[in-house]
Every structure is written in C-alpha cells, then in structure tokens.
Amino acid sequence: MASCQEDRQFYLEHPGRQIVMEQELNHEPQTDAEAPSRSVADNIRELTESSKQLLDAGKQVTDNLSELSQRMEHASAVSSRVFKNPWMIAGAAIAAGALIVAFSRNRAAY
C-alpha cells in the first residue's frame with residue numbers, strides 16, 4: 001500500500017486529481033452530486049484499453065531486450081574472434097600501411 005507522501009506526490013503530478021486529493025486529505029465523503037457519472041461499462045472499457053496499452057508496451061520492451069541481447073552476442077562474437085586471431089589484425093594493419101605507402105609514392109611521382 002502506498003504511503004501518504006506517495007499519494008500526495010501522485011496527485012501533485014496529476015493535476016486533474018487535485019479534487020480527489022483534497023477530499024482524501026479532508027476525509028470528506030463524496031455526495032451523490034459529486035460522484036463521477038461514469039458507468040461500469042465505461043470503467044471496464046477504460047481498464048481494457050489501459051491493459052492493451054500495457055500489453056503493447058510489454059511486447060515492445062521484450063522486443064527491445066531481445067534485440068539488445070542479439071547485438072551483445074554479435075559484439076562479443078566479433079571481439080572473441082579478434083582476441084583469438086590477433087596476428088590477423090596486425091597483418092591487416094601492416095597490409096593497409098603498405099598500400100598507403102605505395103599510393104603515396106605513386107602520387108609523389110606525378
């Protein structure tokens with residue numbers, strides 16, 4: 001159950017609930033004239049819509065976590081290949097350096 005401070009914070013963050021907060025703090029019961037004029041069907045419809053939104057958000061989070069997991073596996077696979085074959089990386093760097101030197105000498109000749 002939420003504490004009184006948490007309840008106050010919630011209502012302060014949701015200004016439309018100010019009347020409800022004041023009634024709860026003053027412990028004044030609602031009269032029939034002040035009671036909301038919503039039917040049970042409207043409440044159920046609103047709860048159903050909220051549940052659908054939560055379900056969609058949950059699916060989106062699941063998809064995002066799955067994608068993140070796949071990216072992490074791919075990144076760790078690449079890094080493990082690099083650490084298993086460090087001489088291949090060094091050879092590629094030397095070859096790239098040799099190509100740069102070769103092209104720069106050809107440019108100097110022109």
Side-chain angles (χ1 to χ4, degrees):
M1 180 155 248
S3 70
C4 187
Q5 183 65 26
E6 290 172 326
D7 288 342
R8 286 181 183 154
Q9 184 64 31
F10 171 80
Y11 291 123
L12 291 175
E13 291 173 0
H14 299 86
R17 300 291 219 151
Q18 186 67 33
I19 295 170
V20 176
M21 183 183 78
E22 289 171 0
Q23 288 173 349
E24 287 178 357
L25 292 177
N26 296 331
H27 301 289
E28 296 174 4
Q30 287 184 338
T31 64
D32 289 337
E34 296 173 340
S37 61
R38 296 180 57 175
S39 68
V40 173
D42 290 338
N43 289 337
I44 292 173
R45 191 173 302 114
E46 183 179 335
L47 286 172
T48 303
E49 288 297 320
S50 297
S51 297
K52 287 179 183 178
Q53 290 174 353
L54 283 173
L55 183 62
D56 291 342
K59 287 179 182 178
Q60 184 67 37
V61 168
T62 302
D63 292 344
N64 290 346
L65 288 174
S66 176
E67 182 182 349
L68 182 61
S69 174
Q70 290 174 354
R71 287 183 179 191
M72 290 295 293
E73 288 174 7
H74 178 71
S76 63
V78 169
S79 66
S80 67
R81 278 186 255 142
V82 168
F83 289 121
K84 286 181 183 176
N85 304 315
W87 294 110
M88 185 170 62
I89 301 298
I94 291 171
L99 284 173
I100 291 172
V101 168
F103 284 126
S104 66
R105 284 187 182 167
N106 285 341
R107 283 196 172 257
Y110 291 117

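Sequential numbering from 1 along the given sequence is applied to the chain's residues. Because only heavy atoms are used, hydrogens play no part in the values below, and waters and symmetry mates are left out as well, while side chains stay in.
For the side chain to side chain donor-acceptor pair (under 3.5 Å) test, residues two or more places apart in sequence or in another chain that qualify with Q60 are N64. Considering only residues two or more places apart in sequence or on other chains, E73 meets the side chain to side chain donor-acceptor pair (under 3.5 Å) condition with none of them.
Residues V61 make up the rest of the hydrophobic cluster containing L65, defined by ILVMFWY side-chain heavy atoms closer than 4.5 Å, directly or through other members. Other members of a hydrophobic cluster containing I94 are absent, since no ILVMFWY side chain comes under 4.5 Å of it, directly or through relayed contacts. Hydrophobic cluster membership of I100, counting Ile, Leu, Val, Met, Phe, Trp and Tyr whose side-chain heavy atoms lie under 4.5 Å apart directly or via other members: none, as it forms a cluster of its own.
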Output a table of donor-acceptor pairs, distance under 3.5 Å, between side-chain atoms of residues 40-50 and any protein atom two or more places apart or on a different chain; print 'none' if there are none.
unit_1 : atom_1 : unit_2 : atom_2 : d
D42    : OD1    : R45    : NH1    : 2.8
D42    : OD2    : S39    : OG     : 3.3
N43    : OD1    : R38    : NE     : 3.3
N43    : OD1    : R38    : NH2    : 3.3
E46    : OE1    : R38    : NH1    : 2.8
E46    : OE1    : R38    : NH2    : 2.2
T48    : OG1    : I44    : O      : 2.8
S50    : OG     : E46    : O      : 3.0

